Structures are given as structure tokens and as C-alpha cells.
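Please read the structure below before turning to the comments.
On a predicted model such as this, the values are computed, not experimentally measured, just so you know.
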There are 2 protein chains.
Amino acid sequence: MPALRRRGARSRGGTTSVQKDVVKQGDCIALMEAMPEASVDMVFADPPYNLQLEGDLLRPNNSKVDAVDDAWDQFDSFAAYDDFTRRWLRAARRVLKDNGSLWVIGSYHNIFRVGTALQDLNYWILNDVVWRKTNPMPNFRGRRFTNAHETMIWAAKDKDARYTFNYDAMKRLNDDLQMRSDWLIPICSGGERLKNDKGEKAHPTQKPEALLHRVIMAATKPGDIVLDPFFGSGTSGAVARKLGRHYIGLERDSDYIAVAKKRISQVQPITDMEMIDTPAKRQEARIPFGWLIEHGLLEPGTVLHGPDKRWRAKVRADGTLITADFKGSIHQVGAHLQGAPSCNGWSFWHVKADGKPVSIDVLRQKLRANLPKTLN
Amino acid sequence: MPALRRRGARSRGGTTSVQKDVVKQGDCIALMEAMPEASVDMVFADPPYNLQLEGDLLRPNNSKVDAVDDAWDQFDSFAAYDDFTRRWLRAARRVLKDNGSLWVIGSYHNIFRVGTALQDLNYWILNDVVWRKTNPMPNFRGRRFTNAHETMIWAAKDKDARYTFNYDAMKRLNDDLQMRSDWLIPICSGGERLKNDKGEKAHPTQKPEALLHRVIMAATKPGDIVLDPFFGSGTSGAVARKLGRHYIGLERDSDYIAVAKKRISQVQPITDMEMIDTPAKRQEARIPFGWLIEHGLLEPGTVLHGPDKRWRAKVRADGTLITADFKGSIHQVGAHLQGAPSCNGWSFWHVKADGKPVSIDVLRQKLRANLPKTLN
DNA sequence: AACGCTCTTGAATCACGTA
DNA sequence: TTACGTGATTCAAGAGCGT
């Protein structure tokens with residue numbers, strides 16, 4: 001039960017305290033209603049999509065697609081889904097700080113209803129952001145376009161809110177061009193995809209950490225609290241912890257909670273504030289340096305050195321480098337250290353791997369090979 | 001013997017006739033209500049976006065909605081926009097043929113409300129398609145992501161509609177990969193952008209012809225009728241005419257109508273069917289397997305084998321196959337042997353010719369080419 | 001170690017015509 | 001309206017395995 005407080009005493013920075021870095025089991029609406037109001041800086045929500053699947057779907061080779069048919073995704077009608085949506089969005093709005101913001105991810109099955117509800121509840125939409133998948137599932141029957149993206153809505157609490165947007169960090173993550181509303185990121189697979197002890201996927205819709213990296217870097221500051229009312233396998237919590245933010249996860253399913261807790265416990269937070277604070281080749285696909293970090297080819301805090309080890313700098317989470325007295329892009333820092341007018345950071349900087357220096361350009365090539373022609 | 005005929009030759013509704021290749025002036029809802037029902041094959045709509053800064057939103061009765069800045073008026077504005085949206089979508093649904101489809105383009109200001117209305121009116125969403133702009137307007141204040149895309153919703157009249165989708169044409173447009181739901185297309189500028197006699201742009205939101213080219217090629221056949229209830233500068237009409245389709249444009253503003261009419265009059269339609277027809281495997285003349293035997297391309301008793309020689313069957317004179325324990329069609333026997341729910345016998349079975357395996361589909365193509373064109 | 005090949009898999013509202 | 005037979009339909013990655 002929230003403490004009795006005077007109207008207007010609501011702080012913008014939180015005199016109220018809320019339990020941080022926890023996962024709570026239960027219905028997210030009830031759990032949010034029990035939280036103090038205006039207590040979190042950002043909400044990230046991956047609600048049920050309300051897919052309406054009828055029969056089985058077979059691939060051309062007659063194998064069956066493992067569909068999302070879990071009970072938690074079943075609703076009787078659009079009206080029921082709308083009611084659920086409005087209730088959790090209203091509860092989220094109450095616990096959100098006045099200058100916080102909210103992200104919701106969805107597909108065409110549900111995102112229009114979410115967006116309508118947001119607007120009706122007086123949220124103020126800032127962007128719709130398209131997550132373009134490098135490797136979506138194809139359309140097996142040839143009856144539609146390949147459903148190759150999902151949509152995120154980013155909204156402030158109201159029209160006049162002074163929400164956080166780390167414009168420079170985003171720009172640097174994108175090689176000094178403004179970050180656009182369409183993001184190209186692979187789906188979660190391979191080693192990142194959590195499995196249960198039977199080797200099955202632990203959660204049917206686990207989101208990639210690269211996606212959450214960009215969301216959290218864009219719209220929070222170190223120390224901020226990220227609330228995820230549909231915590232699932234805990235991607236938002238894991239990335240928040242890694243980036244020096246706090247998390248609160250709400251989840252009904254105890255199996256998912258166990259997976260998420262174990263996962264988060266293995267995350268090594270970046271404690272060096274310098275690494276995470278955010279004060280910001282033409283024919284081939286352009287790969288911003290920041291993408292190496294988003295995709296885990298470099299960890300924030302990694303030490304890079306120049307060709308002959310005279311020069312060193314550390315990698316920050318937003319894709320800039322930092323030395324004792326200077327920070328900037330890989331090119332700017334390289335030029336500064338050498339006292340040169342310019343420097344190609346891609347060829348200048350190296351990272352130690354198994355004792356041997358590896359050019360970061362090698363990492364770029366590796367990433368480029370993994371991000372196919374859909375880049376263009 | 002079944003007659004050789006094109007598959008999918010069903011009539012697409014339309015005993016009623018409708019005026020084609022015209023632009024009508026007036027309120028689109030009233031104009032659609034005056035049209036015969038089930039009379040157009042596709043609707044493309046670029047409705048007002050309800051940009052909240054513009055304040056020029058008109059209610060259904062054409063009264064102007066005052067500029068709004070508080071929550072109550074905002075709700076009033078959304079309600080008016082929703083009402084308008086539902087009315088024109090309902091009218092459009094009535095004039096759409098049962099197997100037609102509808103496209104609506106919008107931005108985050110209005111697209112969620114459009115999508116919700118579509119679902120509520122029992123339209124069946126097929127895809128949301130993202131138009132990624134190569135050259136969007138940058139974000140000048142640095143407070144959001146560059147708004148670099150718009151969203152189109154593609155919907156059928158209902159869940160069971162047999163809408164047109166030229167899968168093969170789309171695949172060829174995309175280097176023989178399935179067309180995805182994210183399209184990269186430049187905004188309309190340069191010579192394509194229509195100007196008035198003062199050199200100002202003739203319409204504020206003229207859409208690029210490349211966008212309409214892909215929409216119309218994807219979802220209509222030559223000779224189909226495309227209805228655009230917010231005709232504006234007439235991009236949909238110009239592209240429809242160019243591609244051998246018909247258009248119906250509805251528009252309130254007489255200046256826009258003048259621009260559109262002049263523009264369309266200058267379009268040279270492509271008359272060569274070879275240029276605009278989009279042959280699909282599904283629509284090719286059906287050749288029963290037995291014809292291969294009748295026409296001497298296969299002898300009764302010939303041994304067929306599967307892709308890897310594990311499976312064998314003999315051809316009987318009536319066009320069935322026989323194995324030790326089973327007989328049936330090429331499809332049934334292929335499925336039975338593999339223990340699969342189904343099998344495309346045309347691609348499964350091969351015959352030895354000069355020591356090399358030849359797919360029976362090759363024989364089918366040979367026969368199809370030799371049959372008189374008039375039957376095709 | 002480095003390839004090359006096969007097999008598996010991912011938030012999916014995934015036939016159609018004829019009798 | 002329903003039942004049934006034909007036959008159309010997949011892309012990018014990762015894992016595993018053999019050379």
C-alpha cells in the first residue's frame with residue numbers, strides 16, 4: 001500500500017523509494033498498483049501479441065512451425081485485449097515518473113490497439129521505431145510479404161514531459177549520423193538464445209540484447225530504473241544491469257522467473273561510469289563502430305591500443321573512446337593522440353585477442369558478414 | 001477429360017458496372033456511398049494524418065476541429081478522427097469486391113487509429129509494410145529519432161477472402177528473394193514532384209510513384225480497378241494507368257483535381273501485356289499427370305524414383321503410380337512413401353533419361369509448351 | 001584449423017478449384 | 001456448404017559432422 005502523501009508532493013527524482021533489481025511474481029497490473037507512484041524512469045513492455053493462429057503451419061519440407069500458442073497469448077476478443085491493454089498501460093503510467101518514458105513492442109496483430117490506447121490515455125508518442133530483422137522467418141506459403149519487422153512505440157507520459165533522449169549517444173552509435181526510426185538487428189538465436197534442460201527454447205519470444213541495448217542507451221541514464229511488466233526471460237533486466245541501470249521485472253510464470261534470475265546473476269555490470277555515461281567506406285555497407293558493442297564483439301571498458309602500443313583508449317558503451325584527457329569517436333581519439341589532423345580509427349585501433357593484436361576492422365568485417373545485404 | 005483452362009479464372013464479382021478512369025469531386029464518403037457495391041478491386045488510401053500541430057482536422061460534417069492542447073479536447077479530436085476514419089473505411093469496404101484488398105498509408109499520428117478501426121470493421125490485416133525513406137527530413141531539435149519511415153497497412157475484406165498477391169512478381173522485383181515487409185524507396189522530389197505555376201509544390205504530401213508501382217504490382221491484375229478516395233495529386237491514378245489498370249479518384253479540392261487530371265493525361269499506358277503480366281505458377285494451365293502418358297512422354301511400366309533413389313514406383317496407363325503395397329496419384333504415392341502429410345509429385349518424381357534423372361516437371365513443361373496456345 | 005555440407009529453426013493471423 | 005484431390009511453397013544463421 002503506498003504511503004499517504006500530499007497531492008503535488010510527487011517528486012520528479014523520487015523521494016519515494018521502490019525495491020530495485022528484483023523480479024516479482026504475479027499479475028503485472030496488481031503488482032504495479034502496489035508500487036509507489038512516479039517511481040520508475042522507463043518502462044519497457046513486451047506484452048502478449050494476441051496472435052490469432054488457426055491450424056498448423058508446415059514448411060515446404062513438411063516440418064511443423066513451432067507456433068506461439070501459449071495460454072498467455074489467448075484473448076477472447078479485441079474488446080478483451082483492449083481492456084487488458086488499457087489496464088496495464090494505466091497502471092504503468094502511474095508508476096512512471098513524470099519525465100520518464102515508455103516503450104512497447106508489438107506486431108500488426110496488436111500494435112495498432114496498443115497505440116490507440118496510448119493516445120487515449122494521454123501518453124504522447126515520440127516515435128514509432130521499426131525493428132527490421134536481418135533473419136526473419138520466411139513466408140512459407142507465398143501468400144504475403146515476409147513479415148520481417150516488429151514495431152516499437154516510444155512515448156512520454158504527456159505532451160510536455162521532459163523525457164530523456166541521449167541524442168549524442170545515438171548519433172555516435174550511428175557513425176555521427178542521426179539515429180533513424182528503422183533499426184536493423186538480428187533476431188535472438190544461437191548462443192544468446194536461452195534453453196531449458198531439455199534443450200528447448202526457454203521462452204518462445206526472447207528478444208535480442210542488441211535491441212534492448214539501444215533502447216536503454218537511448219532513453220535512460222546510469223542509475224535509472226527500468227520496469228518491465230512482462231519480464232519473460234529477462235532481457236531488459238540483463239541489459240539494464242550490464243549498462244549500470246536498475247531493473248524491476250514483473251512476471252506471472254515461475255519457470256520464466258527462474259530463467260531470468262539465473263541469467264541476470266551471470267551479468268557483470270559495468271561499474272566504471274566513464275564507460276556508460278553519455279555526456280556523444282561508401283560502397284560497402286556502413287558499419288558504425290557502436291554496432292560492434294551492441295552486438296557483443298567488444299565489451300564496454302575494453303582497452304584498445306594503436307599499432308605500436310604507444311597509445312591506449314577505452315571503449316565506452318555508446319561507441320566512443322576515452323583516454324586520460326580526451327574522448328570522441330575512434331577517428332577523433334586516434335587523431336588527437338597522434339597530433340594528426342585526421343586518423344582512420346578502423347585501421348588505427350587494435351584489440352588483444354589471445355595475446356595477439358587484432359584490428360577492429362577485422363571485427364567490423366565479421367559483423368558486416370553477419371549483417372547481410374538487407375543493410376542497404 | 002477436363003478442359004484445359006487457366007486456374008483462378010473465377011469472376012471477381014462485378015456484374016454491376018462502375019465508371020472507370022474518372023476523377024470525381026466531392027466528399028469521398030458520399031461519393032463511395034453512391035457507387036455500386038463490390039465494384040473495385042483495390043483501394044489505396046492516403047487519408048489526412050491528423051497531425052496535431054496542424055489543427056485543420058475536419059469533422060465528418062466538415063466543421064473544423066479547433067486547435068487543442070488539453071486532454072479533453074485531445075480526446076475530442078481523436079474521437080472525431082476515429083469517427084471520420086470508420087465512416088470512410090466502412091464506405092470503402094462496401095464498394096470493395098469480396099476478394100479485393102485495401103491499402104492505407106499513415107504515420108504514428110494516425111496509423112494506430114486506422115489499424116484499430118480496420119480490425120473493428122472486420123477487415124483482415126495481411127501485412128503492415130514499412131516505407132523506409134532514403135532521404136527523410138532530419139530531426140532538427142535533436143529530441144527524437146529521425147522519423148525515417150511511414151507505415152502502410154494491407155488488408156483483405158475479411159479473413160477468408162481470396163485476395164490477389166503476385167508473389168512471383170514481387171520475388172523477381174527483389175532479386176529472387178521473397179519481398180519483405182520493409183521497402184526502401186526515396187521520397188518524391190526532383191522532376192517527379194509536381195509544381196504549380198508559381199513554382200510551389202502542387203500538393204503537400206505527394207507520394208512517390210515507385211511506392212505505388214510496388215503496391216499496384218503486388219495486389220492487382222491488369223484491367224483491375226483501383227479506387228483512391230483521397231486522390232490528391234493523383235499518383236495512384238497515374239501509376240494505375242501506366243500499368244494497364246483502371247483508376248477512380250475521389251477528391252474534394254478542385255485545384256488538386258486539375259493537377260491530377262493533367263498529370264494522368266500525360267501518362268502513356270503500357271499496352272504490351274508481356275510487359276505488365278505477372279505469370280504465376282499457380283495460374284498456369286493444369287496438366288494432369290495422365291496426359292504425359294497419353295501424349296507418349298512416358299510409357300506405362302516406366303520406373304520413377306524419388307530425389308535420392310530410395311523410393312521407386314511404376315507408371316500405370318491410367319496415370320496412377322503403383323508400389324508393392326500402395327497405388328494412387330503421383331502426390332499420394334510420394335506422400336505415402338515418405339510418411340509425409342503431403343507431397344508435390346511433380347517435383348518429387350524423376351525418370352532416368354540417358355542415365356541422368358529428369359524431373360517429371362520438365363516433361364510437364366514440355367507438354368504444356370506443345371499444347372495449343374488457345375487452350376492456355 | 002578451415003571448409004563445406006546438411007539439418008534445424010525463428011511472435012505466422014500462410015491454397016484453391018471442382019464436384 | 002462441405003469434402004476432396006491437386007500441387008505450390010523458405011531465408012538467414014547456427015550447430016553438428018566429416019574431410
Side-chain angles (χ1 to χ4, degrees), chain A residues 46-70 72-73 105-111 131 133-151 186-193 195 199-201 203-208 232 369-374, chain B residues 2-3 5-10 99 119 124-128 155-156 159-160 162-163 165 167-168 171 174-181 280-284 286-289 319 328-332 334-335 342-349 360-361 364:
Chain A
D46 183 8
Y49 286 11
N50 189 25
L51 298 186
Q52 291 159 50
L53 308 176
E54 301 231 296
D56 288 345
L57 177 62
L58 298 184
R59 304 168 196 270
N61 66 4
N62 280 325
S63 69
K64 192 175 149 219
V65 172
D66 183 18
V68 176
D69 53 4
D70 306 70
W72 49 254
D73 199 46
I105 184 166
S107 68
Y108 66 84
H109 310 83
N110 71 322
I111 198 67
W131 167 29
K133 304 179 185 184
T134 59
N135 46 352
M137 194 191 311
N139 184 291
F140 296 117
R141 292 306 171 111
R143 294 300 297 144
R144 302 179 177 196
F145 299 99
T146 304
N147 194 5
H149 74 277
E150 295 188 24
T151 300
I187 62 173
C188 180
S189 68
E192 190 186 328
R193 189 85 196 213
K195 305 278 166 45
E200 305 158 333
K201 54 192 175 192
H203 190 280
T205 68
Q206 185 182 343
K207 296 293 178 289
N370 287 338
L371 295 175
K373 54 190 152 198
T374 42
Chain B
R5 53 213 295 294
R6 283 177 77 88
R7 310 194 68 177
R10 71 185 181 274
N99 293 326
Q119 291 177 314
W124 189 249
I125 297 179
L126 300 168
N127 280 111
D128 58 334
K159 189 168 88 65
D160 300 313
R162 300 188 175 185
Y163 56 91
F165 178 52
Y167 174 78
D168 298 288
K171 194 168 175 178
N174 194 39
D175 274 354
D176 284 329
L177 290 181
Q178 288 189 335
M179 186 69 80
R180 297 167 40 113
S181 56
K281 227 176 176 180
R282 282 190 161 94
Q283 289 175 349
E284 286 183 298
R286 194 177 74 86
I287 305 275
F289 176 68
S329 72
I330 51 172
H331 316 296
Q332 290 165 342
S342 70
C343 166
N344 183 341
W346 290 109
S347 53
F348 182 78
W349 293 110
I360 61 172
D361 198 46
R364 177 170 65 160

How would you label the contact of Lys207(A) with the nucleic acid (heavy atoms, under 4.0 Å): base, sugar-phosphate, or nothing?
base
With the side chain of Arg282(B) defined as its heavy atoms from C-beta on, choose the nearest nucleotide among dA8(D), dC14(C), dA11(C).
dA8(D)
Asp361(B) CG to dT6(D) C1', straight-line distance once rounded to whole Å:
13 Å
N or O in side chain of Thr134(A) less than 4.0 angstrom from dA13(D) OP1/OP2:
yes
Please determine, for the side chain of Pro138(A), which listed nucleotide (dA12(C), dG5(D), dC11(D)) has the closest atom?
dC11(D)
Among dA12(C), dA8(D), dG17(C), which nucleotide has an atom closest to any side-chain atom of Asn147(A)?
dA12(C)
Could you identify the nucleotide paired to dA12(C), looking across every strand shown and requiring Watson-Crick or G-U wobble geometry with both distances under 3.5 Å?
none
Classify Gly55(A) by what it touches in the nucleic acid, base, sugar-phosphate, or nothing, heavy-atom distance under 4.0 Å.
base
What is the distance from CG of Asp176(B) to P of dT9(D), rounded to the nearest Å?
12 Å
What distance separates Gln206(A) CD from Ile187(A) CD1, expressed to the nearest 0.5 Å?
11.0 Å
How many whole angstroms separate atom CG of Asn62(A) from atom P of dT9(C)?
15 Å
Taking Lys171(B) first and then Asp168(B), would you say they form a salt bridge - that is, a charged N and a carboxylate O separated by under 4.0 Å?
no
From Leu58(A) CG over to Ser63(A) OG, what is the distance, rounded to the nearest 0.5 angstrom?
7.5 Å
Checking dA11(C), dG14(D), dC14(C) against the side chain of Ser189(A) (C-beta onward), the nearest is dG14(D)
What nucleotide among dT6(D), dT10(D), dT9(D) has an atom nearest to a side-chain atom of Arg286(B)?
dT6(D)
For Asn344(B) and dA8(D), is the shortest distance between a side-chain N/O and OP1 or OP2 below 4.0 Å?
yes
Between Lys201(A) and dG10(C), is there a contact of a side-chain N or O with OP1 or OP2 at under 4.0 Å?
yes
Rounded to whole angstroms, how far apart are CZ on Arg180(B) and P on dC14(C)?
20 Å
If the C1' atom of dT6(C) is compared with that of dT10(D), how far apart are they to the nearest Å?
16 Å
Which part of the nucleic acid, if any, lies within reach of Ser329(B) when heavy atoms closer than 4.0 Å are counted: base, sugar-phosphate only, or nothing?
sugar-phosphate
Judged by each residue's nearest nucleotide on DNA chain D, which is more toward the 5′ side, Gly191(A) or Pro136(A)?
Pro136(A)
Would you call the rings of Phe145(A) and Phe165(B) parallel, tilted or perpendicular if under 30° counts as parallel and over 60° as perpendicular?
perpendicular
Quick check on dT10(D): is either OP1 or OP2 less than 4.0 Å from any side-chain nitrogen or oxygen of Tyr167(B)?
yes
Report yes if the side chains of Asn344(B) and His331(B) come closer than 4.5 Å at any heavy-atom pair, otherwise no.
yes
Please state the C1' separation for the pair dA1(C) and dC17(D) - nearest whole angstrom.
15 Å
Does OP1 or OP2 of dC16(C) have a side-chain N or O of Arg141(A) closer than 4.0 Å?
no
Between Gly142(A) and Val68(A), which has a closest nucleotide on DNA chain C that is more 5'?
Val68(A)
At 4.0 Å (heavy atoms only), tell me whether Pro47(A) reaches a base, stays on the sugar-phosphate, or touches nothing.
base
Measure from the side-chain N and O atoms of Asn62(A) to the backbone N and O of Ser342(B), and report whether any donor-acceptor pair falls under 3.5 Å.
yes
In plain terms, say whether Glu54(A) and Lys159(B) are close enough for a salt bridge, that is, a side-chain N and a carboxylate O under 4.0 Å apart.
yes
Could you check which of dC14(C), dC11(D), dA12(C) has an atom nearest any side-chain atom of Ala67(A)?
dA12(C)
Expressed as a whole number of Å, how far does the P atom of dA11(C) sit from that of dT9(D)?
25 Å
Across the strands shown, which category fits Ile125(B) at heavy-atom distances under 4.0 angstrom: base, sugar-phosphate, nothing?
base
Consider the side chain of Asp46(A), meaning its heavy atoms from C-beta on, and name the nucleotide among dA11(C), dC11(D), dA13(D) that approaches it most closely.
dA11(C)
For the side chain of Gln332(B), counting heavy atoms from C-beta on, which of dT10(D), dG5(D), dG10(C) is nearest?
dG5(D)
Whole Å only: how far is the CG atom of Asn61(A) from the C1' atom of dC7(C)?
9 Å
C1' atom, dC16(C) versus dT1(D): distance in rounded Å?
16 Å
If pairing requires Watson-Crick or G-U wobble contacts with both distances under 3.5 Å, which nucleotide is the partner of dC3(C)?
dG18(D)
What integer distance in Å separates His149(A):NE2 from dA12(C):C1'?
13 Å
Give a yes/no on whether any side-chain N or O of Arg193(A) is located under 4.0 angstrom from OP1 or OP2 of dA11(C).
yes
Is the phosphate of dG7(D) approached by His331(B) (side-chain N or O, under 4.0 Å from OP1 or OP2)?
yes
Please classify the nucleic acid contact of Ser107(A) as base, sugar-phosphate, or nothing, using heavy-atom distances under 4.0 Å.
nothing
Answer whether the closest heavy-atom distance between the side chains of Lys281(B) and Tyr167(B) falls below 4.5 Å.
no
Starting at CD of Glu284(B) and ending at P of dA15(C), how long is that distance when rounded to a whole Å?
20 Å
Could you check whether Ser107(A) and Glu150(A), counting side-chain N and O atoms only, form a donor-acceptor pair closer than 3.5 Å?
no
Which nucleotide sits closest to the side chain of Arg162(B): dC16(C), dT10(D), dA8(D)?
dC16(C)
Does a side-chain N or O from Arg364(B) land closer than 4.0 Å to OP1 or OP2 of dA8(D), or not?
yes
Report the distance from atom NE2 of His203(A) to atom P of dA11(C), rounded to the nearest whole Å.
11 Å
Which whole number of Å gives the distance between the C1' atom of dA12(C) and that of dG5(D)?
26 Å
Hey, which of these two, Cys188(A) or Trp124(B), hits DNA chain C nearer its 5' end, going by closest nucleotide?
Cys188(A)
